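Working notes, structure below.
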Protein chains: 2
Amino acid sequence: MYICPMYSSELIKGTLKTIILKLLSENKEMYGYEITQKVKDLTDNKIQITEGALYPTLHALENDGIVTTEIVNIGKRVRKYYKLTPKGKNSATEKVTEFADFINTMKFLLDIKPQLG
Amino acid sequence: MYICPMYSSELIKGTLKTIILKLLSENKEMYGYEITQKVKDLTDNKIQITEGALYPTLHALENDGIVTTEIVNIGKRVRKYYKLTPKGKNSATEKVTEFADFINTMKFLLDIKPQLG
DNA sequence: TGCAGATACATAAAACTCTTATGTATATTT
DNA sequence: AAATATACATAAGAGTTTTATGTATCTGCA
């Protein structure tokens with residue numbers, strides 16, 4: 001069985017909220033499992049969000065008023081959709097902006113050259 | 001008193017080892033306090049490594065054979081210099097390469113455009 | 001000369017985030 | 001029929017960082 005090359009877990013730490021907020025800012029509403037698959041697809045399996053990390057984070061975002069939820073029945077199964085609040089939209093923008101700035105700082109600090117392609 | 005704008009602490013998580021290894025790969029040997037100041041200077045105060053994070057990390061690097069240490073007396077004070085081992089040089093290269101790749105993935109995922117300037 | 005701030009190390013408790021493991025249940029594919 | 005995928009959830013443990021504390025020397029300046 002093939003194990004895809006993932007980033008070391010410490011690298012991904014601290015980026016989970018940013019990723020979730022960005023996806024929600026683009027998709028109006030998403031459910032948890034959908035988020036994990038989207039991230040997996042978009043990153044060519046390099047970033048795989050685990051459920052143990054995802055669900056507690058989503059619950060925290062709800063508690064903080066960043067997202068609201070809506071439970072939808074799909075046949076006999078349940079989906080919980082998450083949607084950004086106005087406050088959440090601001091948070092999303094801020095988080096992504098901060099991360100972009102952070103990337104530039106790290107590129108300078110680590111002397112990383114931009115790549116062609 | 002002016003408080004400089006730092007990145008949110010979660011953003012910096014997981015990057016400490018990479019930063020340390022990169023600096024050591026460029027400077028042959030450095031001591032702990034020097035590392036904190038260098039990072040502060042190079043990032044315009046945006047990244048400030050705390051001692052409580054730095055020293056345990058340096059000790060872990062030593063235990064893992066990534067660095068060796070040399071204690072030097074400066075007057076009546078003591079400095080502990082850290083230097084990469086051959087294994088550590090490989091680790092430094094790997095960590096920086098991995099981070100560069102990670103940055104590209106995140107830029108794509110977060111749809112971050114390259115900036116002019 | 002005395003005091004603040006900088007230099008320089010270190011550790012420990014607490015907080016925070018993520019991994020790993022486990023649990024429940026339905027739907028689909030082989 | 002069984003394995004895999006979908007879909008939620010929580011909890012113990014691991015790992016990293018923050019915050020707090022401790023020790024000690026050196027420098028600048030008022």
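Numbered from 1 within each chain, the chains take letters A, B, ... in sequence-line order. Keep in mind the model is a prediction, meaning the values are calculated, not measured. In what follows, every heavy atom counts, from backbone to side chain, and hydrogens, waters and symmetry copies are set aside.
Salt-bridge formation is not detected for the pair A:Lys87/A:Asp64: no Lys NZ or Arg NE/NH1/NH2 atom is positioned less than 4.0 Å from an Asp or Glu carboxylate oxygen. Under 4.0 Å is where a charged nitrogen must lie from a carboxylate oxygen, and between A:Lys22 and A:Glu26 at least one such pair does.
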Can you list, pair by pair, the side-chain donor-acceptor contacts under 3.5 Å of residues 52-59 of chain A, counting residues two or more places apart and other chains?
| residue | atom | partner | partner atom | Å |
| --- | --- | --- | --- | --- |
| A:Thr57 | OG1 | A:Ala53 | O | 2.8 |
| A:His59 | ND1 | A:Tyr55 | O | 3.3 |

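Residues satisfying the ring pair (Phe, Tyr, Trp, His ring centres under 6.0 Å) criterion with B:Tyr81, sequence neighbours excluded, are B:Tyr31. Applying the side chain to side chain donor-acceptor pair (under 3.5 Å) criterion to A:Asn90, with sequence neighbours excluded, gives no partner residue.
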Expected rows: protein N/O vs nucleotides 15-17 of chain C N/O, under 3.5 Å:
none

Which atoms of nucleotides 27-29 of chain C (N or O only) lie under 3.5 Å from a protein N or O atom, and what are those distances?
| residue | atom | partner | partner atom | Å |
| --- | --- | --- | --- | --- |
| C:dA27 | OP1 | A:Lys76 | N | 3.3 |
| C:dA27 | O4' | A:Arg77 | NH1 | 3.4 |

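With no hydrogens or angles considered, a side-chain donor-acceptor pair links B:Tyr7 and A:Thr105 at under 3.5 Å.
In terms of position along DNA chain C, the nucleotide closest to B:Val78 lies nearer the 5' end than the nucleotide closest to the other residue of the pair B:Val78 and B:Ala53.
For DNA chain D, the contact window with chain B, defined by any atom under 4.0 Å from a protein heavy atom, covers D:dT17 to D:dC26 in 5' to 3' order.
Within the nucleic acid shown, B:Glu51 comes within 4.0 Å of at least one base atom, counting heavy atoms only. A:Gly32 comes within 4.0 angstrom of the backbone, heavy atoms only, and of no base.
The main-chain N or O of B:Ile66 is found under 3.5 Å from a side-chain atom of B:Thr85 such that the two form a donor-acceptor pair.
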